[in-house]
Amino acid sequence: ESDDDGEGGPSELEVTDRSRYVSIAADRRTFKYVGRANHALDVGAARADAPLPATRAVFYFEVLVVAPGDGGAVSIGLQPRRHSLEAQPGAERGACALRGSDGHAFAGSERSAELAPMRCRARDVLGCGVRFARGEVFFTRNGEEIDPGNVDFGVPSVQTAILSCV
């Protein structure tokens, strides 16, 4: 979520551009996965209504996990608008994400690297941020930054509108 500093940026979830496996509440800040999770393409993703404001030094947003489901498969990340919402966030070129079921990170590929041993639980708060000046993407869990190890997330090109996604 962005501060209201006049620079615009995301303020809610996009309701028209979302996965068929997602139901977005009237408040446009709450969503629920409604798929069956019975195959790799049964992914439910949603993204913010506006791109990140790249003129800021840092942009950061958080997601409160209310019910992670059986596998805790909640992901948080960044992606261009052209990316599919029927695929794992972070798995396509120019995107990145942290998967809460196992702490694996995706940096523009379907291959992942373990960042932190974890399993997302109810009331966990997952965060994702960008330090534009340093060219860094970072992730947090319950307010603690997760060490990126040797995963280079990079920062997707600011010429491409980058949106936060879950």
Side-chain angles (χ1 to χ4, degrees), residues 1-3 9-15 17-50 52 58-79 83-92 95-131 136-156 162-166:
E1 187 172 305
S2 62
D3 295 331
S11 61
E12 58 190 27
L13 293 170
E14 174 61 53
V15 294
D17 185 21
R18 61 176 173 73
S19 164
R20 64 181 174 227
Y21 299 117
V22 168
S23 171
I24 297 177
D27 67 4
R28 294 185 173 200
R29 291 176 179 249
T30 307
F31 83 98
K32 180 179 181 179
Y33 172 72
V34 294
R36 294 184 179 186
N38 59 2
H39 56 80
L41 298 177
D42 190 357
V43 173
R47 59 180 154 233
D49 63 333
L52 276 60
V58 176
F59 178 83
Y60 177 77
F61 71 102
E62 293 181 329
V63 174
L64 170 64
V65 178
V66 176
D70 294 337
V74 175
S75 295
I76 184 171
L78 307 169
Q79 68 183 56
H83 283 205
S84 171
L85 291 169
E86 307 294 334
Q88 165 69 39
E92 296 180 75
C96 60
L98 172 69
R99 186 171 60 198
S101 60
D102 56 11
H104 279 226
F106 293 82
S109 169
E110 290 185 13
R111 299 170 117 190
S112 65
E114 185 176 354
L115 282 191
M118 64 183 281
R119 185 172 184 100
C120 191
R121 294 180 170 80
R123 294 189 302 275
D124 275 352
V125 176
L126 299 179
C128 177
V130 180
R131 295 181 186 101
E136 296 175 343
V137 173
F138 63 95
F139 294 97
T140 64
R141 179 178 184 209
N142 299 325
E144 298 291 321
E145 191 166 338
I146 298 170
D147 182 351
N150 12 340
V151 177
D152 179 16
F153 295 110
V155 173
I162 303 301
L163 294 103
S164 48
C165 64
V166 289

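Numbers here simply count residues along the sequence, with the first being 1.
Atom OG in S75 sits 10.5 Å away from atom CD in Q79 (nearest 0.5 Å). Summarising the geometry, atom OG1 belonging to T140 is positioned 8.0 Å from atom CD belonging to E145; distances are rounded to the nearest 0.5 Å.
For the side-chain contact (heavy atoms from CB on, under 4.5 Å) test, residues two or more places apart in sequence or in another chain that qualify with D17 are E14, R47, R81, L85. Residues meeting the side-chain hydrogen bond (donor to acceptor under 3.5 Å, both in side chains) test with S23, sequence neighbours left out: none. Residues satisfying the ring pair (Phe, Tyr, Trp, His ring centres under 6.0 Å) test with F138, not counting sequence neighbours, are Y60. Every residue meeting the side-chain contact (heavy atoms from CB on, under 4.5 Å) condition with S109, not counting sequence neighbours, appears here in chain and number order: R111. Every ring pair (Phe, Tyr, Trp, His ring centres under 6.0 Å) that F139 has, sequence neighbours left out, goes to F153. In this structure, E92 has no side-chain hydrogen bond (donor to acceptor under 3.5 Å, both in side chains) partners at least two apart in sequence or on a different chain. For the side-chain hydrogen bond (donor to acceptor under 3.5 Å, both in side chains) test, residues two or more places apart in sequence or in another chain that qualify with H104 are S112. Every residue was checked against the salt bridge (Lys or Arg N to Asp or Glu O under 4.0 Å) condition with R18, not counting sequence neighbours, and none meets it. Considering only residues two or more places apart in sequence or on other chains, Y33 meets the side-chain contact (heavy atoms from CB on, under 4.5 Å) condition with Y21, A37, D42. A search for side-chain contact (heavy atoms from CB on, under 4.5 Å) contacts involving A122 returns P68, not counting sequence neighbours.
Across V43 and A87, no two heavy atoms sit closer than the pair CG1-O, 3.5 Å. Between P89 and A97 the shortest heavy-atom distance is O-CB, 3.1 Å. Nearest heavy-atom pair across R29 and S11 is NH2-O, 3.0 Å. Across every non-hydrogen atom of N142 and R123, the tightest pair is OD1-O, 4.0 Å.
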L78/C165 under side chain to side chain contact (heavy atoms under 4.5 Å, CB included): CA gap, chis, key distance, verdict:
CA-CA 6 Å; L78 307 169; C165 64; 5.8 Å; no
Pair L98-C128, side chain to side chain contact (heavy atoms under 4.5 Å, CB included): steps then yes or no
CA-CA 8 Å; L98 172 69; C128 177; over 6 Å; no
Could you walk me through whether T30 and I24 pass the side chain to side chain contact (heavy atoms under 4.5 Å, CB included) test, one step at a time?
CA-CA 6 Å; T30 307; I24 297 177; over 6 Å; no
Pair L52, V130 - check side chain to side chain contact (heavy atoms under 4.5 Å, CB included), show working.
CA-CA 9 Å; L52 276 60; V130 180; 3.8 Å; yes
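Between D124 and R141 there is a salt bridge, with a side-chain nitrogen of the basic residue lying less than 4.0 Å from a carboxylate oxygen of the acidic one.
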